[in-house]
2 protein chains.
Amino acid sequence: MNNERTLNLLGALALSLVDGLNAATEGASGFGGEAPAALVTLGVEPGLSIKALGQILRLSHPGTVRLVDRLEKQGWVERRHGTDGRTLALFLTEAGTERRRLILAERRQPLQRAIAPLTAADREQLTTLLETMLTALTTDEQEAFAICRLCEEEVCPGDRCPVEQQYCRMVHP
Amino acid sequence: MNNERTLNLLGALALSLVDGLNAATEGASGFGGEAPAALVTLGVEPGLSIKALGQILRLSHPGTVRLVDRLEKQGWVERRHGTDGRTLALFLTEAGTERRRLILAERRQPLQRAIAPLTAADREQLTTLLETMLTALTTDEQEAFAICRLCEEEVCPGDRCPVEQQYCRMVHP
DNA sequence: TCATATGTATGCATTATGCATATATTGAAT
DNA sequence: ATTCAATATATGCATAATGCATACATATGA
């Protein structure tokens, strides 16, 4: 088989999907970059510090501060006192939670469109293949959070997430 | 089956792959945004006008002019006279061709890493699924070029590219 | 031959980011 | 208790990559 052709197809699909994801999440939030991912992630992990959020989003610290500034100004995120006098705990406001829901709903559409032509059997095959690939791609906790930063974790049971499983295997061998 | 879980896995893989593609192509070119895609695309379609390139990359016209400015300044792209007194024809220089090769080589790595854990049979399954999805996602020529804007078309025979095939089917029904 | 369309370029602004540095708080060693 | 290093956050400044409005140059057709 022509392996390189498969690489091209995989890259093309990924690019096309992420184009769609970016358009959807930016349309739903009015912000580009990592802002939509920040809202999604804070919904799953409320109380994250600025530093921790930045590591998940792979932003510099100042970049994260500015991102949180933008989200706070929209009334979507609150800076509360954290465990420390230094540390902040970030929480979604009610409006932020609502906005997050909208982002996730819009995010589904390009994904749905991609798997629309697949039969039920195809989807099972695909799911298995995705699990295998994601398991291989996840090497530490940081990366696990990064990979899942736009996931609707509500519908993805943690004990069956290949990304989290892989991470847990690394940590508790 | 839990369809939404499949959507999450697909989105997570796409995001992870494109993170890798972006890092690889930016590392190989020193430019982010659509600059790497511009070099790749101009290698496949030499003589493109600024307007046509911008439509493939989905950039505004001024954005494309500035992008070409940057690539020309690096000595990677030449503006030559086109079919018109108005129209330009863009070509890669020798250095640009070399840089494109490097970008494509680096681009393979994150893709290769993703399929590494798959068996030969898995890869055939995956290829078939990707073909089906890409066929559904391609609706016009513009989109076809956009989806393939980072593809190593040299290794992807045109008559077997689901993206191009789909487009040709649309145009010559 | 002149009006309109087409392709390209420029001025200016914005978004999202990074680097260097400042500030505030904590914890640990003296 | 005091001081110093580590940690968490914030700010000043700069940059990359882009868009909008507009100007300019060339072509085309009535």
Side-chain angles (χ1 to χ4, degrees), chain A residues 18-19 21-23 25-39 41-42 45 47-74 76-91 146 149-150, chain B residues 18-19 21-23 25-39 41-42 45 47-74 76-91 146 149-150:
Chain A
V18 171
D19 285 348
L21 293 179
N22 286 341
T25 58
E26 176 157 1
S29 69
F31 293 95
E34 296 301 329
L39 290 176
T41 298
L42 284 175
E45 297 281 333
L48 237 39
S49 71
I50 289 206
K51 183 183 183 187
L53 180 63
Q55 287 173 333
I56 291 172
L57 303 178
R58 301 199 243 233
L59 293 180
S60 69
H61 197 95
T64 314
V65 171
R66 297 283 150 74
L67 168 56
V68 171
D69 289 346
R70 295 194 289 275
L71 298 176
E72 194 178 38
K73 197 170 165 190
Q74 290 291 317
W76 293 341
V77 163
E78 273 179 20
R79 282 170 158 104
R80 296 195 202 148
H81 293 299
T83 49
D84 245 17
R86 313 165 271 190
T87 310
L88 290 179
L90 302 171
F91 290 91
R149 69 192 188 274
L150 271 180
Chain B
V18 172
D19 285 348
L21 292 179
N22 286 341
T25 58
E26 177 158 358
S29 70
F31 292 96
E34 297 301 330
L39 289 176
T41 298
L42 285 175
E45 298 281 333
L48 237 39
S49 72
I50 289 207
K51 185 183 183 187
L53 179 63
Q55 286 172 335
I56 291 172
L57 303 179
R58 302 198 241 231
L59 293 180
S60 69
H61 198 96
T64 314
V65 171
R66 297 283 150 73
L67 168 56
V68 171
D69 289 346
R70 296 193 290 274
L71 298 177
E72 194 178 37
K73 198 170 165 191
Q74 290 291 317
W76 293 341
V77 163
E78 272 180 21
R79 283 169 157 105
R80 297 195 200 147
H81 293 299
T83 50
D84 243 19
R86 313 166 270 189
T87 310
L88 290 179
L90 302 171
F91 290 91
R149 71 192 187 273
L150 271 180

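Numbers restart at 1 for each chain; the letters A, B, ... are given by sequence-line order, proteins then strands.
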Closest non-hydrogen contact found for A:Thr87 with A:Ser49 is CG2-CB, 3.8 Å

If you take all heavy atoms of A:Trp76 and A:Ser29, which pair is closest and at what distance? CH2-O, 3.2 Å

Quick check: closest heavy atoms across A:Arg149 and A:Leu57, and the distance to 0.1 Å? CD-CD2, 4.2 Å

Closest heavy-atom contact between B:Ile50 and B:Thr64? O-CG2, 3.4 Å

Does anything in residues 49-62 of chain B come within less than 4.0 Å of DNA chain D? Heavy atoms only, and list the residues if so. B:Leu59, B:Ser60, B:Pro62

How long is the line joining CG of A:Leu67 and P of C:dT15, in whole Å? 14 Å

Tell me whether the OP1 or OP2 atom of C:dA16 has a side-chain N or O from A:Arg70 closer than 4.0 Å. yes

For B:Ala89 and for A:Gly85, locate the closest nucleotide of DNA chain C by heavy-atom distance; then report the residue assigned to the nucleotide nearer the 5' terminus. B:Ala89

Spacing between B:Asp84 atom CG and C:dA9 atom C1', to the nearest angstrom: 16 Å

Over all atoms of both residues, closest heavy-atom pair of B:Leu71 and B:Ala35: CD2-CB, 4.2 Å

Work out which heavy atom in B:Ala38 is nearest to a heavy atom in B:Leu67; give both atom names and the distance. CB-CD2, 4.0 Å

Please classify the nucleic acid contact of B:Leu88 as base, sugar-phosphate, or nothing, using heavy-atom distances under 4.0 Å. sugar-phosphate

Provide, to the nearest angstrom, the distance between the CD atom belonging to A:Glu34 and the C1' atom belonging to C:dA16. 10 Å

B:Val18 vs A:Leu21 side-chain heavy atoms within contact, under 4.5 Å: no

Applying salt bridge (charged side-chain N to carboxylate O under 4.0 Å, His left out), which residue pairs with at least one partner in residues 48-71 of chain A are found, sequence neighbours left out? A:Arg58-B:Asp19, A:Asp69-A:Arg79

Could you tell me from which nucleotide to which nucleotide of DNA chain D, 5' to 3', there is an atom under 4.0 Å from chain B heavy atoms? D:dA17 to D:dA27

How long is the line joining NE2 of A:His81 and C1' of C:dT25, in whole Å? 13 Å

